[in-house]
Enquirer: 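Have a look at the structure that comes next, please.
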Amino acid sequence: MDISQTLASQLQEYEIPYDTVHHRFSITSLNSAHTAHIPETQMVKPVILHDKQGYLMALVPSNRYVYISELNNMLGRNVELVSEAEVSELFSDCESGAIPPVGDAYGMEMVVDFSLDNCDDIYIEAGNHQDLIHMSGQSFQKLTSNSKHADITVH
């Protein structure tokens, strides 16, 4: 599978320059960082949540976890993790588990962890288990400019 068409369209719309990093097959974002020999802190992992208000995508470094209760307090919501089956339906142009962190392209609100705000380089899943998209931190800021940024993770 090539780069997700939704991701490709989003990168083109925002005029984001990027390159592709190919790596051995990997099932998780953290494992992709290890396999591609990139810093875990620069590999963005999307976490898909939902409640009665709709879907929410939390963007965090691959080596961290979303602090859901803090996120709920901050947003005044009651979000919970979405099932893998539901994620596959929502991201039908991606291989299961290789979701690019571009929630607004999929009609989802996004919240970005503060720790991603000062990265010089950012890597994201391309929609498959063997390719990453590499962009500058500045480009990632542009791509997530309509998102909330907050401290939403724990190690």
Enquirer: Using the test side-chain hydrogen bond (donor to acceptor under 3.5 Å, both in side chains), find all partners of Y106 that sit at least two apart in sequence or belong to another chain.
Expert: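 For Y106 the side-chain hydrogen bond (donor to acceptor under 3.5 Å, both in side chains) partners, ignoring immediate neighbours, are S4, D93.
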Enquirer: Which pairs with one or both residues in residues 41-59 pass salt bridge (Lys or Arg N to Asp or Glu O under 4.0 Å), sequence neighbours excluded?
Expert: D51-R77
Enquirer: Linking Ile, Leu, Val, Met, Phe, Trp and Tyr through side-chain heavy atoms less than 4.5 Å apart, which residues share a cluster with L132?
Expert: V21, I38, M43, Y123
Enquirer: Tell me who clusters with Y65, hydrophobic residues only, linked when side chains sit under 4.5 Å apart either directly or through other members.
Expert: Y67, V154
Enquirer: Identify, with sequence neighbours excluded, every residue that meets side-chain hydrogen bond (donor to acceptor under 3.5 Å, both in side chains) alongside S32.
Expert: S26, E125
Enquirer: Hydrophobic clusters join Ile, Leu, Val, Met, Phe, Trp and Tyr when side-chain heavy atoms are under 4.5 Å apart, directly or via other members; which others share one with L49?
Expert: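 V47, L56, V60, V66, I68, L71, M74, L75, V79, L81, V111, I152, listed by chain and number.
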Enquirer: Taking atom CD of Q42 and atom OG of S115, what is their separation to the nearest 0.5 Å?
Expert: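 That separation rounds to 11.0 Å.
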Enquirer: Please list, chain by chain and in numerical order, all residues satisfying side-chain hydrogen bond (donor to acceptor under 3.5 Å, both in side chains) with H22, sequence neighbours excluded.
Expert: D131
Enquirer: Let me confirm one number: the NE2-CZ distance from H134 to F140, rounded to the nearest 0.5 Å.
Expert: 12.5 Å
Enquirer: Which heavy atom of L143 sits nearest a heavy atom of M135, and at what distance?
Expert: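 Looks like CD2-CE, 4.0 Å.
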Enquirer: Which pairs pass salt bridge (Lys or Arg N to Asp or Glu O under 4.0 Å) with one or both residues in residues 19-40, sequence neighbours excluded?
Expert: none
Enquirer: Roughly how far, to the nearest 0.5 Å, is CD of E84 from OG of S88?
Expert: 6.5 Å
Enquirer: CZ of R64 to OG of S29: how many Å apart, nearest 0.5 Å?
Expert: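 Rounded to the nearest 0.5 Å, the CZ-OG separation comes to 15.0 Å.
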Enquirer: Atom CG of D104 and atom CE of M57: how far apart are they, to the nearest 0.5 Å?
Expert: 9.0 Å
Enquirer: Could you pull out all residues at least two apart from S136 that satisfy side-chain hydrogen bond (donor to acceptor under 3.5 Å, both in side chains)?
Expert: S139
Enquirer: Supply the atom-to-atom distance C119 SG to Q138 CD, rounded to the nearest 0.5 angstrom.
Expert: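 With rounding to 0.5 Å, SG (C119) is 13.5 Å from CD (Q138).
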Enquirer: My understanding is that only residues two or more places apart in sequence, or in another chain, count here; which of them pass side-chain contact (heavy atoms from CB on, under 4.5 Å) with S145?
Expert: none
Enquirer: Is any side-chain heavy atom of I3 closer than 4.5 Å to one of T20?
Expert: no
Enquirer: Can you hop from I48 to L30 via hydrophobic side chains spaced under 4.5 Å?
Expert: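 Each belongs to a different hydrophobic cluster.
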Enquirer: So do the side chains of V112 and Q141 get within less than 4.5 Å of each other, counting heavy atoms only?
Expert: no
Enquirer: So, for N128 and A98, which heavy atoms are closest and what is the spacing to 0.1 Å?
Expert: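 N128 and A98 have their closest heavy atoms at O-CB, 3.2 Å.
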Enquirer: Scan residues 140-150 for pairs that pass salt bridge (Lys or Arg N to Asp or Glu O under 4.0 Å), counting only residues two or more places apart or in two chains.
Expert: E109-K148
Enquirer: For F25, which fellow cluster members are found when Ile, Leu, Val, Met, Phe, Trp and Tyr are connected by side-chain heavy-atom distances below 4.5 angstrom, either directly or through intermediates?
Expert: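 Members besides F25, by chain and number: I27.
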